[in-house]
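To keep things clear, I will list the structure first and then write my remarks on it.
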Amino acid sequence: MAALDDLAFDPWDPAFVADPYPAYAELRERGRVRYFEPTDQWLVAHHADVSALLRDRRLGRTYLHRFTHEEFGRTPPPPEHEPFHTLNDHGMLDLEPPDHTRIRRLVSKAFTPRTVERLGPYVRDLAADLVSALVEAGGGDLLKDVAEPLPVAVIAEMLGIPEADRAPLRPWSADICGMYELNPSEEAAARAVRASAEFSDYLRDLIAERRENPGDDLISGLIAAHDEDDDRLTEQEMISTCVLLLNAGHEATVNSTVNGWWALFRNPGQLAALRADHTLVPSAVEELMRYDTPLQLFERWVLDEIEIDGQVIPRGAEIAMLFGSANHDPAVFADPERLDLTRRDNPHISFSAGIHYCIGAPLARIELAASMRALLEKAPTLRLAAEPQRKPNFVIRGLEGLAVELG
């Protein structure tokens, strides 16, 4: 069993977290799959393998639709973590068919392309207002002043969460997402459990209110959604769906925004080209998501034995697909370490693939493009005011802040 003792892959090392891409290159050169003992996972680093495994039905986000914890050789989660797992395990991201198919079909009836398109003017107006306030102040923290409030407000508006209730949304989401890191601490788990319980209680009350007084919002749409057999979402499925839409719907957008602008500031030639030609915005959004991927790792359980490059991986094992590495694979991306906003052939997997492809990808693209255009138009002299600090997290990659000023 190949170990990684001689490699620079160390997701708890601040130097690695700051720039994992050289270690990924070394990992890809060493083969297609390697075992990582500290997390008991098999690391997959090549784009072709990651892309194929995301579509491979021998793998799953859960195994509980086929096995008990004991049958699968895994220890059940501690009882005190139950509020988190109840919330997490009823969301479609962590379900497999047939439950995943049913829930995604019902959510899609409410979360339609028309719903997303209708949000476009709201997204663009809000982005313009946030950037105008940043310009009026002469600068600030791009994370807290633009990147965070935009997608949180958009998701809250879509769900129909009143403005007065929105302050806890981002802290709840951040605490819940702490459980998605590798080997989370007990402190992180406790925060995630508390946030899961509080957020669930809030949504339960809001869903009850919408049953009595439905409106033109996504929660009302989820309540009303049904299929030809009159199958509907349970209350827990609605709660888990709302939390998933908030967490997945803004974490990636927030981190893509600040990671992207930090990359632009480090590549002034590309930033100058973008400022000179705003038609590059759509390809810039895709390239920046590839270049510094907001979700670095995605996990799957091995439901049926598979083989990768002669290495048999047994049922019960866990595979860690390295999105950040796949997005820098030279077999797919020419000169992958170079930021190229004109890159046309860009099959990045930042939104995943297969049945778990991000349902909110179209909305994320609208938000990223809206904030980028607003910053280009209203703050054409924007520049870095201080070197940013990386968050210590590896899986969800972001910055503590991004201080900017007007030149």
Side-chain angles (χ1 to χ4, degrees), residues 2 4 7-11 16-36 39 41-61 93 180-182 248 251-253 255-256 259-260 263 283-302 306-309 311 313 317-341 343-358 361 364-365 368 393-398:
L4 290 174
L7 288 180
F9 185 88
D10 184 353
F16 171 84
V17 172
D19 184 10
Y21 299 104
Y24 289 157
E26 186 180 359
L27 188 58
R28 289 191 302 271
E29 290 168 4
R30 297 290 189 95
R32 290 171 54 195
V33 62
R34 297 292 291 268
Y35 179 68
F36 189 53
T39 59
Q41 292 173 321
W42 292 88
L43 305 181
V44 177
H46 290 260
H47 186 282
D49 290 324
V50 171
S51 182
L53 291 173
L54 286 170
R55 297 168 170 85
D56 195 322
R57 303 312 307 140
R58 294 173 297 174
L59 306 182
R61 283 289 293 172
L93 183 61
Y180 303 133
E181 291 299 319
L182 298 174
E251 283 289 345
T253 308
N255 293 319
S256 291
N259 289 345
S283 61
V285 166
E286 303 302 320
E287 174 67 350
L288 290 166
M289 290 195 74
R290 178 202 72 82
Y291 185 74
D292 204 4
T293 309
L295 180 67
Q296 290 282 309
L297 178 151
F298 200 61
E299 299 162 332
R300 290 282 172 89
W301 296 105
V302 179
I306 63 171
E307 183 177 322
I308 302 175
D309 198 26
Q311 175 67 60
I313 303 179
E318 190 175 31
I319 287 182
M321 291 171 280
L322 298 174
F323 282 13
S325 175
N327 283 342
H328 280 245
D329 189 340
V332 177
F333 304 97
D335 199 3
E337 303 309 318
R338 181 170 65 90
L339 181 67
D340 179 6
L341 302 186
R343 192 183 296 274
R344 297 302 174 192
D345 185 17
N346 194 350
H348 69 77
I349 52 173
S350 300
F351 288 121
S352 191
I355 67 167
H356 289 294
Y357 181 79
C358 178
R365 287 185 166 108
L368 290 167
N393 307 337
F394 162 61
V395 175
I396 299 175
R397 180 169 175 79

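One is the number of the first residue; the rest follow in order along the sequence.
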Non-neighbouring partners of [X] that pass side-chain contact (heavy atoms from CB on, under 4.5 Å), sequence neighbours left out:
| X | value |
| --- | --- |
| Val50 | Val44, Leu54, Met321, Phe323, Ala326, Ile349 |
| Ser256 | Met289, Pro294, Leu368 |
| Ala320 | Gln41, Leu43, Leu297 |

Side chains of [X] and [Y]: does their closest heavy-atom pair fall under 4.5 Å?
| X | Y | value |
| --- | --- | --- |
| Tyr180 | Phe298 | no |
| Leu182 | Glu299 | yes |
| Leu59 | Ile319 | yes |
| Leu322 | Leu27 | yes |
| Glu181 | Pro11 | no |
| Arg61 | Arg300 | yes |
| Val302 | Arg58 | no |
| Ser352 | Cys358 | no |

Which one of His328, His47, Glu287, Glu286 satisfies the side chain to side chain donor-acceptor pair (under 3.5 Å) criterion with His348? Glu286

Picking from Thr293, Asn255, Asp292, what satisfies side chain to side chain donor-acceptor pair (under 3.5 Å) with Arg397? Asp292

Could Arg343 and Phe333 be counted as a cation-pi pair, given that NZ or CZ must be under 6.0 Å from the ring centre and within 45° of the axis? no

Lys NZ or Arg CZ of Arg55 over Tyr357 ring: under 6.0 Å, within 45°: no

Calculate, to the nearest 0.5 Å, the distance between atoms [atom1] and [atom2] belonging to [X] and [Y] respectively.
| X | Y | atom1 | atom2 | answer |
| --- | --- | --- | --- | --- |
| His46 | Ser51 | NE2 | OG | 14.0 Å |
| Ile308 | Asp56 | CD1 | CG | 8.5 Å |
| Gln296 | Tyr24 | CD | OH | 3.5 Å |

For side chain to side chain contact (heavy atoms under 4.5 Å, CB included), just list the numbers for Leu295 and Glu251, CA-CA rounded to whole Å, side-chain angles, deciding distance to a tenth of an Å, and then say yes or no. CA-CA 9 Å; Leu295 180 67; Glu251 283 289 345; over 6 Å; no

side-chain hydrogen bond (donor to acceptor under 3.5 Å, both in side chains) assessment of Asn346 paired with Ser283: CA-CA 9 Å; Asn346 194 350; Ser283 61; over 6 Å; no

Of all heavy-atom pairs between Ala263 and Leu339, which one has the smallest distance, and what is that distance? O-CD2, 4.1 Å

Of all heavy-atom pairs linking Ala23 and Phe16, the shortest is CB-CE1, 3.6 Å

